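This report refers to the structure that appears directly beneath it.
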Amino acid sequence: MDFKKQVVDTLIKVLPEEITEEQVTKLIEKPKTSDLGDYAFPTFILAKSLHKAPKMIAEELVGQLDTTGFEKVVNTGAYINFFLDKKAFSNAVIREVLTQKDNYGNADDGKGRNVPIDMSSPNIAKPMSMGHLRSTVIGNSIAKIITKLNYQPVKINHLGDWGTQFGKLIVGYKLWGSEEEVEADPINNLLKYYVRFHKEAEEKPELDDEARAWFKRMEDGDKEALALWTWFKELSLKEFQTIYDRLDVQFDHFTGESFYNDKMDAIVNTLEEKGLLEESRGAEIVDLSEYDLSPALIKKTDGATLYITRDLAAAKYRKDTFDFVKSLYVVGSEQAEHFTKLKIVLKKMGYDWADDIVYIPFGLITTGGKKLSTRKGNVILLDDVLNDAVNLAKKQIEEKNPNLKNKDAVAEAVGVGAVVFHDLKNDRRDSFDFNLEEVVRFEGETGPYVQYTNARALSILRKAGDVDYADATDVSVTDDEAWDTIKMLQNFPDVVERAAKEYEPSVIAKYVLKLAKSFNQYYAHSKILADDEGLKARLSLVKSVSTVLQMSLALLGVKAPEEM
RNA sequence: GUCACAGUGGCUCAGUUGGAUAGAGCAACGGUCUUCUAAACCGUAGGUCGUGGGUUCGAAUCUCACCUGUGACACCA
């Protein structure tokens with residue numbers, strides 16, 4: 001059912017010989033609105049060789065075209081506009097969706113190869129903020145999208161579970177904390193010690209020395225230090241898990257920074273062997289001045305390793321373990337330079353697969369135009385946002401549909417769905433200022449709008465009763481009101497492919513909003529459950545729409561309640 | 001200061017590879033529930049696409065300069 005090819009084949013017969021099929025395929029575009037046509041061919045490029053005005057060329061070509069198989073072909077200005085045969089097209093598209101079901105849009109680009117995704121990566125003993133939400137939901141959605149193209153995602157939660165901050169935490173806990181307090185509300189209290197540590201350390205710099213000493217003890221394998229660290233880590237993971245459950249996100253590995261502790265020496269040795277390491281100001285670095293970059297700091301003056309050292313080890317480990325085709329890192333855009341350096345150093349080490357490392361940046365979430373900072377206590381807790389969203393959703397249900405069953409479950413799906421969808425709706429590079437009202441919206445271009453559209457579609461299907469969608473011979477719907485919806489359905493596979501290629505969930509989000517809108521327009525203008533010969537075809541369309549709506553929401557990690 | 005990213009209606013954003021009168025959603029105003037869920041639909045109003053030059057049949061899109069904003073820039077991650 002390649003309708004574009006039909007257009008190309010028809011065109012190529014009347015075009016000058018020097019124009020190839022490929023060129024034509026590339027030139028074909030889709031008009032902005034359906035009333036202009038379904039496919040269009042711009043004639044501008046012919047103007048030079050034919051020495052005629054594009055408008056005239058279009059006019060002449062239209063006269064020569066064999067228009068069988070099309071509803072009509074007309075020229076509008078310099079464009080040749082093709083109108084597809086609605087009956088054949090809708091029949092083919094709807095049938096395709098109904099038979100493929102959840103496999104609609106699948107492809108085999110990935111051939112089952114591994115693609116590790118570094119995502120979420122919260123810091124132990126710190127609450128998950130809106131920033132972690134972005135990495136989590138973007139990574140999760142990309143994993144689902146590339147799965148449709150038969151890549152095998154490996155979701156890695158690269159926990160921030162090592163570093164000097166644990167020394168600070170231990171100092172803070174020892175000074176101001178107690179076991180009971182921590183057990184009662186682990187992360188909030190640990191955060192409290194951490195924030196207080198930073199405040200007091202401004203006047204008492206000796207606290208920093210103490211913190212460094214405790215971290216040194218951790219690195220040296222000191223029992224007490226490690227016991228506290230393990231305890232903090234376990235408590236944190238438990239709390240993180242409740243959020244991951246709410247978001248319905250699972251990980252394949254929880255290999256944090258500490259996981260690479262015993263893999264650092266090998267990396268440092270290799271760097272040394274390749275003669276890349278030099279000493280500068282007492283630290284060990286890889287010089288990158290030829291790239292106009294500041295050096296990559298491999299070891300601190302005191303011999304401790306740094307961020308990039310660990311990431312080098314992690315990159316190597318992932319290649320060795322997963323033999324990836326691509327290795328993705330869903331990390332905030334402020335770390336762009338880090339990843340540039342990482343790739344350069346790997347390349348210098350002789351690892352060609354450095355080219356397969358893909359950094360997937362996303363924009364910052366700010367409050368009042370300022371960057372969030374855990375240290376300064378300026379955070380937006382993800383858990384709070386989700387709770388607020390769910391409460392608002394519950395209120396909305398009481399207003400709109402008080403007799404709904406499973407109110408709580410639906411409120412959870414709608415509230416969380418609104419937050420997640422909002423985060424994925426726009427280009428991931430856009431940064432935005434946090435605004436609860438903006439994030440938790442239920443009307444317009446929102447997750448709940450799509451969920452609602454699907455719920456209405458399902459409601460129609462329920463009312464229609466048992467229908468066997470497999471046996472219908474003609475499922476064509478030729479209403480003008482349905483045309484945009486049918487074209488959107490046909491577009492889905494291309495959309496999935498583009499989203500995968502660009503690692504951009506917003507492509508799916510934008511698409512599903514448009515599909516929902518076009519279906520709502522159809523819904524508002526046509527009676528679907530009318531008892532006539534077109535009923536089964538219309539129901540098939542509704543069924544197809546709800547299939548694709550649900551699939552799209554699933555690709556974004558948003559739930560689709562049956563009723564709301 | 002250097003580098004990176006961004007600047008589209010009051011607000012939040014779309015705008016594949018340059019192409020047909022720059023699209024949505026919120027907010028404003030007006031309309032539509034005895035018929036499939038009004039979290040919906042329809043309409044009105046609102047834009048010299050940061051500024052100035054360049055490339056060409058054609059620029060929101062490419063290029064240069066400038067202005068504005070944000071972020072990164074050696075021992076945090």
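Residue numbers begin at 1 in each chain, while the letters A, B, ... track the order of the sequences. All values derive from a computational prediction rather than experimental measurement. These values consider heavy atoms only, across backbone and side chains, with no hydrogens, waters or symmetry-generated copies.
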Would you indicate what [X] reaches in the nucleic acid, counting non-hydrogen atoms under 4.0 angstrom: base, sugar-phosphate, or nothing?
X: A:Glu502; answer: nothing
X: A:Ala455; answer: base
X: A:Ala530; answer: nothing

Look at the side-chain N and O atoms of [X] and state whether any lies under 4.0 Å from the OP1 or OP2 oxygen of [N].
X: A:Tyr449; N: B:C41; value: yes
X: A:Lys517; N: B:G25; value: yes
X: A:Ser459; N: B:U37; value: yes
X: A:Lys300; N: B:C76; value: yes
X: A:Lys32; N: B:A20; value: yes
X: A:Gln335; N: B:A77; value: no
X: A:Tyr452; N: B:A39; value: yes
X: A:Lys463; N: B:U37; value: yes
X: A:Arg441; N: B:A39; value: no

request  = Look only at the side chain of A:Thr309 and the backbone of A:Ile298, and say whether a donor-acceptor pair between them is shorter than 3.5 Å.
outcome  = yes
Candidates [options] - which lies nearest the side chain of [X]:
X: A:Leu529; options: B:C36, B:A74, B:C41; result: B:C36
X: A:Leu306; options: B:G71, B:C13, B:C75; result: B:C75
X: A:Pro295; options: B:A72, B:A74, B:A77; result: B:A74
X: A:Tyr523; options: B:A38, B:C41, B:A72; result: B:A38
X: A:Pro448; options: B:C36, B:A39, B:A20; result: B:A39
X: A:Leu297; options: B:A72, B:A74, B:U37; result: B:A74
X: A:Leu36; options: B:U21, B:G71, B:A14; result: B:U21
X: A:Glu443; options: B:A39, B:A74, B:G71; result: B:A39
X: A:Glu445; options: B:C41, B:A14, B:A24; result: B:A24
X: A:Ser294; options: B:U37, B:A20, B:C73; result: B:C73

Pair assignment for [N], Watson-Crick or G-U wobble, requiring both distances under 3.5 Å:
N: B:C41; value: B:G31
N: B:G25; value: B:C11
N: B:A4; value: B:U70
N: B:U51; value: B:A65

So, under a plain 3.5 Å distance rule, would you say the side chain of [X] forms a donor-acceptor pair with the base of [N]?
X: A:Thr301; N: B:C75; value: yes
X: A:Ser280; N: B:A74; value: yes
X: A:Asp430; N: B:A6; value: no

request  = Determine the interplanar angle of the A:Trp162 and A:Phe215 rings, folded into 0 to 90°, and report it as parallel if under 30°, tilted if 30 to 60°, perpendicular if over 60°.
outcome  = perpendicular
task = Please state whether the rings of A:Tyr260 and A:Tyr317 are parallel, tilted or perpendicular, taking 30° and 60° as the class boundaries.
result = perpendicular
Using the [atom1] atom as the point on both nucleotides, what is the distance between [M] and [N], in whole Å?
N: B:U44; M: B:A65; atom1: P; value: 44 Å
N: B:A24; M: B:A45; atom1: P; value: 13 Å
N: B:U8; M: B:G69; atom1: P; value: 14 Å
N: B:G50; M: B:U61; atom1: P; value: 8 Å
N: B:A14; M: B:C62; atom1: P; value: 15 Å
N: B:G53; M: B:U17; atom1: P; value: 27 Å
N: B:U55; M: B:C13; atom1: C1'; value: 30 Å
N: B:C57; M: B:G18; atom1: P; value: 15 Å

request  = Could you please spell out the steps behind the ring pair (Phe, Tyr, Trp, His ring centres under 6.0 Å) verdict for A:Phe432 and A:His422?
outcome  = CA-CA 11 Å; A:Phe432 66 90; A:His422 176 269; 5.1 Å; yes
task = Have a look at B:C41 and give me syn or anti from its glycosidic angle (syn if within 90° of zero).
result =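 Anti, angle beyond 90° from zero.
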Whole Å only: how far is the [atom1] atom of [X] from the [atom2] atom of [N]?
X: A:Asp427; N: B:U70; atom1: CG; atom2: P; value: 20 Å
X: A:Phe421; N: B:A39; atom1: CZ; atom2: C1'; value: 14 Å
X: A:Tyr359; N: B:A77; atom1: OH; atom2: C1'; value: 13 Å
X: A:Asp35; N: B:A20; atom1: CG; atom2: P; value: 14 Å
X: A:Phe519; N: B:U37; atom1: CZ; atom2: P; value: 11 Å
X: A:Asp311; N: B:A77; atom1: CG; atom2: C1'; value: 9 Å
X: A:Lys30; N: B:A14; atom1: NZ; atom2: P; value: 21 Å
X: A:Leu288; N: B:A72; atom1: CG; atom2: P; value: 19 Å

ask   = Using 4.0 Å as the upper bound for N to carboxylate O, is an ion pair formed by A:Lys348 and A:Asp287?
value =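 No, no charged N to carboxylate O under 4.0 Å.
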inquiry  = With nearest nucleotide decided by heavy atoms, which residue, A:Arg281 or A:Gly77, maps closer to the 5′ end of RNA chain B?
reply    = A:Gly77
task = Select from A:Glu29 and A:Phe442 the residue whose nearest nucleotide in RNA chain B is closer to the 5' end of that strand.
result =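 The answer here is A:Glu29.
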task = Locate the shortest heavy-atom distance separating A:Glu497 from A:Leu149; write the atom from each residue and the value.
result =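 Residues A:Glu497 and A:Leu149, closest heavy atoms: CA-CD1, 4.3 Å.
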message = Under 3.5 Å, is there a donor on one side chain and an acceptor on the other for A:Lys425 and A:Thr446?
response = no
ask   = Under 6.0 Å from the NZ atom of A:Lys216, do we count more than 12 heavy atoms belonging to anything else shown?
value =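 No.
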A:Arg538 side chain reached by A:Asp532 side chain, heavy atoms, under 4.5 Å = yes
ask   = Is the closest side-chain heavy-atom distance between A:Pro561 and A:Gln451 below 4.5 Å?
value = yes
